[in-house]
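Treat the numbers as computed from the prediction; the structure is a model and nothing was measured.
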Amino acid sequence: MTEGTTSAAAEGDTLTSLEQEGEIAADYLEGLLDIADLDGDIDMDVEADRAAVSIISDVAGRDLQKLVGRDGEVLEALQELTRLAVHRETGDRSRLMLDIAGYRAKKREELSELGAKAAAEVKSSGEPVKMKAMTPFERKVVHDAVKAAGLRSESEGEEPERFVVVLPA
């Protein structure tokens, strides 16, 4: 086997593993929806080397909002429970990302704009900008937006008060 085919095989194994994570998560979440008597469809994908599972609904109701909770708190807890269910089945730590009713997608968009604005402020002032405390997901999105703007950023503080500092180039 050549090096190229070895890395292609490794990529295929990783993709298969992530798809398996998504399947396990989908089964777990379908059971949860049944228990809670909520309607929702499960969508699975692989994004940025992690399994991504979304619960979506055609019904324009607020049922799925119960699974998001205030500021995404219930969503974060469900994501951790789902990761634990995957870990129980596979024995491997999961980095699965869960989205419910488009909450994370919308939040990602807002945070990307916030990160870009902070980067623009740092570029114009030359001074570091400290942002408010954020969850790990929120910090990751901001770090990515700052990097895309050509600057660097760091996380500081202790959970749950950990925050992003955008630094000059």
Side-chain angles (χ1 to χ4, degrees), residues 10-116 118 131-148 153-166:
E11 280 182 32
D13 289 347
T14 300
L15 184 60
T16 302
S17 174
L18 293 174
E19 288 171 346
Q20 179 188 14
E21 275 189 39
E23 291 289 338
I24 294 166
D27 289 345
Y28 176 79
L29 292 166
E30 283 175 7
L32 180 81
L33 289 173
D34 287 344
I35 291 168
D37 195 28
L38 296 172
D39 289 325
D41 295 322
I42 309 287
D43 183 36
M44 295 176 294
D45 201 1
V46 174
E47 299 173 359
D49 293 331
R50 65 171 56 184
V53 179
S54 300
I55 301 175
I56 54 177
S57 177
D58 295 337
V59 181
R62 298 189 53 81
D63 281 353
L64 289 183
Q65 290 304 315
K66 295 174 188 174
L67 297 179
V68 173
R70 184 173 50 93
D71 296 328
E73 290 173 340
V74 177
L75 171 59
E76 290 288 335
L78 287 173
Q79 177 175 278
E80 285 307 309
L81 288 172
T82 306
R83 285 177 175 176
L84 286 171
V86 170
H87 176 71
R88 185 185 67 220
E89 292 290 321
T90 66
D92 295 326
R93 182 178 173 272
S94 173
R95 295 178 53 235
L96 175 130
M97 186 63 69
L98 175 63
D99 191 6
I100 299 174
Y103 176 83
R104 276 201 204 276
K106 182 180 175 197
K107 191 77 171 172
R108 181 178 281 121
E109 201 173 291
E110 293 169 359
L111 290 165
S112 291
E113 288 178 24
L114 185 66
M131 303 180 83
K132 67 178 180 65
M134 298 179 190
T135 67
F137 162 75
E138 293 170 334
R139 290 193 309 270
K140 170 75 168 102
V141 174
V142 171
H143 285 305
D144 290 347
V146 170
K147 184 177 180 180
S153 57
E154 297 175 351
S155 291
E156 294 184 3
E158 298 293 322
E159 293 293 351
E161 297 300 317
R162 201 153 165 82
F163 59 95
V164 173
V165 179
V166 182

Under 3.5 Å, which donor-acceptor pairs link side chains of residues 25-37 to any protein atom two or more places apart or in another chain?
none

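Using a 4.5 Å heavy-atom threshold, the side chains of M97 and K140 count as separate. With a 4.5 Å cut-off on side-chain heavy atoms, K132 and F163 do not count as touching. Counting only heavy atoms from C-beta outward, the side chains of I42 and I55 approach each other to under 4.5 Å. Two residues are said to be in side-chain contact when any heavy atoms from C-beta on lie closer than 4.5 Å; T82 and V53 fail this criterion. Side-chain contact between Q20 and I24 is present, with heavy atoms from C-beta onward closer than 4.5 Å.
Under the side chain to side chain contact (heavy atoms under 4.5 Å, CB included) criterion, E159 pairs with P136, R139, R162, not counting sequence neighbours. Residues passing the side chain to side chain donor-acceptor pair (under 3.5 Å) test with E89, sequence neighbours excluded: none. Scored by the side chain to side chain contact (heavy atoms under 4.5 Å, CB included) test, L114 finds L111, M131, M134 as partners (sequence neighbours excluded). For the side chain to side chain donor-acceptor pair (under 3.5 Å) test, residues two or more places apart in sequence or in another chain that qualify with E80 are R83. S153 pairs by the side chain to side chain donor-acceptor pair (under 3.5 Å) definition with H143, not counting sequence neighbours. Under the rule for a side chain to side chain donor-acceptor pair (under 3.5 Å), D71 has no partner lying at least two apart in sequence or in another chain. Residues that satisfy the salt bridge (Lys or Arg N to Asp or Glu O under 4.0 Å) test with E110, not counting sequence neighbours, are absent from this structure. Not counting sequence neighbours, the partners of E73 by the side chain to side chain contact (heavy atoms under 4.5 Å, CB included) test are R70. With sequence neighbours excluded, the residues satisfying side chain to side chain contact (heavy atoms under 4.5 Å, CB included) with E23 are M44.
How far CG of L75 is from CD1 of I100: 4.5 Å, rounded to the nearest 0.5 Å. R104 contributes atom CZ, which lies 8.5 Å from atom CD of E138 (distance to the nearest 0.5 angstrom). Atom CG of L18 sits about 11.0 Å away from atom CG of D13, to the nearest 0.5 Å. Here the CZ atom belonging to R88 is positioned 9.0 Å from the CG atom belonging to L84, to the nearest 0.5 angstrom. Rounding to the nearest 0.5 Å places CD of E19 at 9.5 Å from CG of D45.
Nearest heavy-atom pair across G69 and V74 is CA-CG2, 3.7 Å. Contact between A145 and S112 at its shortest, heavy atoms only, is CB-O, 3.5 Å. Closest approach of L64 and A101 over heavy atoms only: CB-CB, 4.1 Å. Considering all non-hydrogen atoms of both residues, G22 and A51 come closest at N-CB, 4.1 Å.
Every pair passing side chain to side chain donor-acceptor pair (under 3.5 Å) that includes a residue from residues 90-103 is listed here, sequence neighbours excluded: E21-S94.
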